[in-house]
Amino acid sequence: MASEFFERVWEVVRLIPKGRVSSYGAIGRYLGSPKSARLVGYAMNASHQASPIVPAHRVVNRKGMLSGKHHFAFPGQMQALLESEGIQVNEDVVQNFEQHFWDPNIELDLNHE
DNA sequence: ACAATGACTGAAT
DNA sequence: AATTCAGCCATTG
């Protein structure tokens, strides 16, 4: 059974557009807890039971590294999915990370003019 | 209830 | 500039 916190994380992750990536810290910050980045990752670990599915492959650490690729069905799944969406990945690191970075604090909330 | 863990991050050395 | 250390906080043993 997932806590409300987890579901909230999943909700944000599902909002990540195809071809974009976000970071645990950015999501955590959007939830109001900038220090809960680890909890976001923890929520991702439990996202396998989420419904609908959560594009956890679009979530990487602040360096753009596929830190959680090992938690997928099999290593390489994460990179394959990202490349399938047009994101170049090399050495487990997202290329042009800042270019693909999607920050919920900027894209969702905020009165971005 | 206490201690340990973790798909992270920022500060310190 | 690169590596190491400590903080963070929900989940799990």
Side-chain angles (χ1 to χ4, degrees):
Chain A
M1 185 57 185
S3 300
E4 191 176 331
F5 184 86
F6 279 28
E7 294 183 30
R8 194 186 307 177
V9 174
W10 300 338
E11 185 176 358
V12 178
V13 176
R14 282 191 291 249
L15 291 174
I16 302 174
K18 179 181 178 183
R20 301 282 191 182
V21 291
S22 189
S23 67
Y24 306 95
I27 296 170
R29 196 177 106 199
Y30 182 73
L31 296 178
S33 299
K35 304 302 182 183
S36 59
R38 309 182 80 162
L39 291 314
V40 176
Y42 213 91
M44 292 290 89
N45 197 9
S47 65
H48 71 95
Q49 71 180 329
S51 185
I53 59 99
V54 178
H57 60 276
R58 294 178 187 156
V59 186
V60 296
N61 65 13
R62 73 177 184 86
K63 304 179 227 175
M65 187 171 81
L66 283 55
S67 47
K69 74 170 204 171
H70 226 192
H71 291 258
F72 280 77
F74 62 89
Q77 174 79 73
M78 190 174 185
Q79 181 174 331
L81 288 168
L82 289 173
E83 293 182 329
S84 181
E85 297 185 347
I87 298 177
Q88 300 174 314
V89 180
N90 187 278
E91 297 291 300
D92 300 336
V93 180
V94 176
Q95 304 302 294
N96 307 308
F97 176 58
E98 295 182 36
Q99 185 178 318
H100 292 296
F101 185 62
W102 182 87
D103 190 335
N105 304 285
I106 299 176
E107 304 295 338
L108 298 182
D109 198 63
L110 289 206
N111 18 277
H112 58 88
E113 302 295 308

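Labels below follow one simple rule: chain letters A, B, ... track the order of the sequence lines, proteins then strands, and each chain is numbered from 1. The structure displayed is predicted, hence computed values, not measured ones.
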A.B. asks: Holding to side chain to side chain contact (heavy atoms under 4.5 Å, CB included), I want the full list of residues that pass it with A/Arg38, two or more places apart in sequence or in another chain.
C.D. replies: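 With neighbours one apart ignored, the set is empty.
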A.B. asks: Please list each protein N or O that sits under 3.5 Å from an N or O in nucleotides 11-13 of chain B, with the distance.
C.D. replies:
none

A.B. asks: For DNA chain B, which residues in residues 82-96 of chain A have a heavy atom at a distance below 4.0 Å?
C.D. replies: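 Here the set is empty: none.
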A.B. asks: Kindly write out the residues that satisfy ring-ring contact (aromatic ring centres under 6.0 Å, His included) with A/Phe72, not counting sequence neighbours, or none if the list is empty.
C.D. replies: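 Listed in chain order: nothing, the list is empty.
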A.B. asks: Please identify each residue that fulfils side chain to side chain contact (heavy atoms under 4.5 Å, CB included) with A/Asn90, with sequence neighbours left out.
C.D. replies: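 Partners of A/Asn90 by the side chain to side chain contact (heavy atoms under 4.5 Å, CB included) criterion, ordered by chain and then number, come out as A/Gln95.
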A.B. asks: Taking CD1 from A/Ile27 and P from C/dC9, how many angstroms apart are they, rounded to a whole number?
C.D. replies: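 Whole-Å distance recorded here is 18 Å.
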A.B. asks: Measure from CG on A/Asp103 to C1' on B/dT9 and round the result to the nearest Å.
C.D. replies: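 Distance check: A/Asp103 CG to B/dT9 C1' gives 14 Å.
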A.B. asks: Pair up each side-chain donor or acceptor in residues 39-48 of chain A with any protein partner under 3.5 Å, not counting sequence neighbours, and list the distances.
C.D. replies:
unit_1, atom_1, unit_2, atom_2, d
A/Ser47, OG, A/Met44, O, 2.5

A.B. asks: With sequence neighbours left out, what residues match A/Phe97 under ring-ring contact (aromatic ring centres under 6.0 Å, His included)?
C.D. replies: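 Counting only residues at least two positions away or on another chain, A/Phe97 forms a ring-ring contact (aromatic ring centres under 6.0 Å, His included) with A/Phe101.
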A.B. asks: Check side chain to side chain donor-acceptor pair (under 3.5 Å) between A/Asn61 and all other residues, then give those that pass, not counting sequence neighbours.
C.D. replies: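 Scan of A/Asn61 (side chain to side chain donor-acceptor pair (under 3.5 Å), adjacent residues dropped) gives none.
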A.B. asks: Check every strand shown and say whether A/Ser33 touches a base, only sugar-phosphate, or nothing at a heavy-atom separation below 4.0 Å.
C.D. replies: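 Counting heavy atoms under 4.0 Å across all strands, no contact is made by A/Ser33.
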A.B. asks: Quick one: on DNA chain C, does A/Lys35 or A/Phe6 contact a more 5' nucleotide (nearest heavy atom)?
C.D. replies: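 Nearest-nucleotide comparison on DNA chain C picks A/Lys35.
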A.B. asks: Counting only heavy atoms from other residues, nucleotides and ligands, does the tally under 6.0 Å from CZ of A/Arg29 exceed 12?
C.D. replies: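 Incorrect, the count does not exceed 12.
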A.B. asks: Quick check against the 3.5 Å criterion: does A/Arg58 have a side-chain atom that pairs as donor or acceptor with the backbone of A/Ile16?
C.D. replies: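 Answer holds: yes.
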A.B. asks: List the residues meeting side chain to side chain contact (heavy atoms under 4.5 Å, CB included) with A/Leu81, not counting sequence neighbours, and say none if there are none.
C.D. replies: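 Testing A/Leu81 for side chain to side chain contact (heavy atoms under 4.5 Å, CB included), a comparison that skips the adjacent residues, returns A/His57, A/Gln77.
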A.B. asks: Below 4.0 angstrom from OP1 or OP2 of C/dT11, is there any side-chain N or O of A/Ser3?
C.D. replies: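 For C/dT11, OP1/OP2 do have a side-chain N/O of A/Ser3 under 4.0 Å.
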A.B. asks: May I have all residue pairs that pass salt bridge (Lys or Arg N to Asp or Glu O under 4.0 Å) and include part of residues 73-82 of chain A, sequence neighbours excluded?
C.D. replies: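 Residue pairs with at least one partner in residues 73-82 of chain A: there are none.
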A.B. asks: Using whole Å, report how far NZ of A/Lys63 lies from P of B/dG10.
C.D. replies: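 These atoms are roughly 11 Å apart.
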A.B. asks: Whole angstrom is fine here: how far is it from CZ in A/Arg29 over to C1' in B/dG10?
C.D. replies: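 It works out to 14 Å between those atoms.
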A.B. asks: Anything under 3.5 Å between a donor and an acceptor, one on a side chain of residues 62-71 of chain A, the other on a protein residue two or more places apart or in another chain? List them.
C.D. replies:
unit_1, atom_1, unit_2, atom_2, d
A/Lys69, NZ, A/Asp92, OD1, 3.0
A/Lys69, NZ, A/Asp92, OD2, 3.1

A.B. asks: Report, one pair per line, the protein and nucleotides 5-7 of chain B atoms (nitrogen or oxygen only) whose separation is under 3.5 Å.
C.D. replies:
unit_1, atom_1, unit_2, atom_2, d
B/dG6, N7, A/Arg38, NH2, 3.0
B/dA7, OP1, A/His71, NE2, 3.0
B/dA7, O5', A/His71, NE2, 3.2
B/dA7, N7, A/Asn45, N, 3.1
B/dA7, N6, A/Met44, O, 3.1
B/dA7, N3, A/Tyr24, OH, 3.1

